[in-house]
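Below is one structure, written out as C-alpha cells, with a few remarks after it.
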Amino acid sequence: MKYSSPPDRQFFYAQVWDIVRMIPPGYVSTYGKIANWVPIAKTLDPQSYRAWGARWVGGAMANCPSDVPWQRVVNSQGKISLPEETKGFSVQRKLLEDEGIVFNERGVIDLKRFGWDGPAES
DNA sequence: TCCTTGACTCAGA
DNA sequence: CTCTGAGCCAAGG
C-alpha cells in the first residue's frame with residue numbers, strides 16, 4: 001500500500017533540523033527544497049511525499065530546538081509563511097534583516113539573490 | 001472513532 | 001501579479 005509505513009516523525013524532524021543548521025547566515029531556503037534534500041523513506045510513496053513533504057518541514061520548524069535557525073526557511077514564493085499579525089512573523093523578519101536579508105515592498109525575499117543552493121553546493 | 005487543521009507547492013485562469 | 005483548486009499524511013480533541 002502507499003502509506004503502509006508511517007514516517008518516523010522524530011527522525012524526519014531531526015534530518016530537517018540538520019539541514020536547516022547548514023544554511024549559512026544571510027541566506028534562506030524553502031520548505032520544498034529542504035523536503036527534497038531529506039532522504040525519502042523507502043516505504044513512503046514519492047507522490048505523497050511531494051504533496052506533504054513541505055508541510056512536514058513546516059511542522060519541523062514549528063517544533064525545532066533553539067539552536068536551529070528556523071528563520072532561514074521561507075515558502076517557495078520567498079515570503080515568510082506565517083500570518084503577518086503573529087509574533088513569529090515579526091521575529092522571523094527581524095532576525096533575517098539582522099543577517100542582511102532584504103525584503104521588498106511586498107515583504108518578499110529575492111531568492112535568486114538570497115536563496116541557498118543546498119548541502120551539495122556548500 | 002470521526003473530524004479538523006496544518007510554518008506548502010504547483011498549475012491554470 | 002493575484003486567486004483557486006488539487007494533492008492527500010498525521011496528530012490531537
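So you know, we letter chains A, B, ... as the sequences are listed, proteins then strands, and number each from 1.
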Worksheet item: B:dA7 P sits how many Å from A:Y13 OH, rounded?
Response: 10 Å
Discussion item. Among C:dA11, B:dC8, B:dC10, which nucleotide has an atom closest to any side-chain atom of A:S76?
Written reply: B:dC10
Item to complete: Choose from C:dA11, C:dG7, B:dA7 the nucleotide whose nearest atom is closest to any side-chain atom of A:A51.
Response: C:dG7
Item to complete: From the options C:dG7, B:dC10, C:dA11, select the nucleotide whose nearest atom is closest to the side chain of A:R55.
Response: C:dG7
Worksheet item: Any sub-3.5 Å donor-acceptor pair from A:W70's side-chain atoms to A:A62's backbone N or O?
Response: no
Worksheet, complete the sentence: Among B:dC10, B:dA7, C:dC8, the one nearest any side-chain atom of A:S81 is B:dA7
Practice prompt. Could you tell me whether a side-chain N or O of A:Q92 sits under 3.5 Å from a main-chain N or O of A:V73, the two making a donor and an acceptor?
Written response: yes
Worksheet item: Do you know the tightest heavy-atom contact between A:A35 and A:G53?
Response: CB-C, 3.7 Å
Fill in: Distance in angstrom units between A:Y49 OH and B:dC8 P, rounded
14 Å
Discussion item. What's the closest nucleotide to the side chain of A:R106 if the choices are C:dG7, C:dC1, C:dA11?
Written reply: C:dC1
Discussion item. Below the 4.0 Å mark, does C:dG7 have OP1 or OP2 next to a side-chain nitrogen or oxygen of A:Q47?
Written reply: no
Worksheet item: Out of B:dT9, C:dG7, B:dA7, which nucleotide sits closest to the side chain of A:W70?
Response: B:dA7
Fill in: A:T30 side chain, from C-beta outward: closest of B:dT9, C:dC8, C:dA11
B:dT9
Worksheet item: Would you say A:K33 has more than 12 foreign heavy atoms packed within less than 6.0 Å of its NZ?
Response: yes
Worksheet item: Where the side chain of A:N75 is concerned, which of B:dC8, C:dC8, B:dC10 is the nearest nucleotide?
Response: B:dC8
Worksheet item: Nearest to the side chain of A:A54 - B:dA7, C:dG7, B:dT9?
Response: B:dT9
Worksheet item: What does A:Q92 touch in the nucleic acid at a heavy-atom separation under 4.0 angstrom: a base, only the sugar-phosphate, or nothing?
Response: base
Worksheet entry | Value in whole Å for how far the P atom of B:dA7 lies from OH of A:Y31 | 9 Å
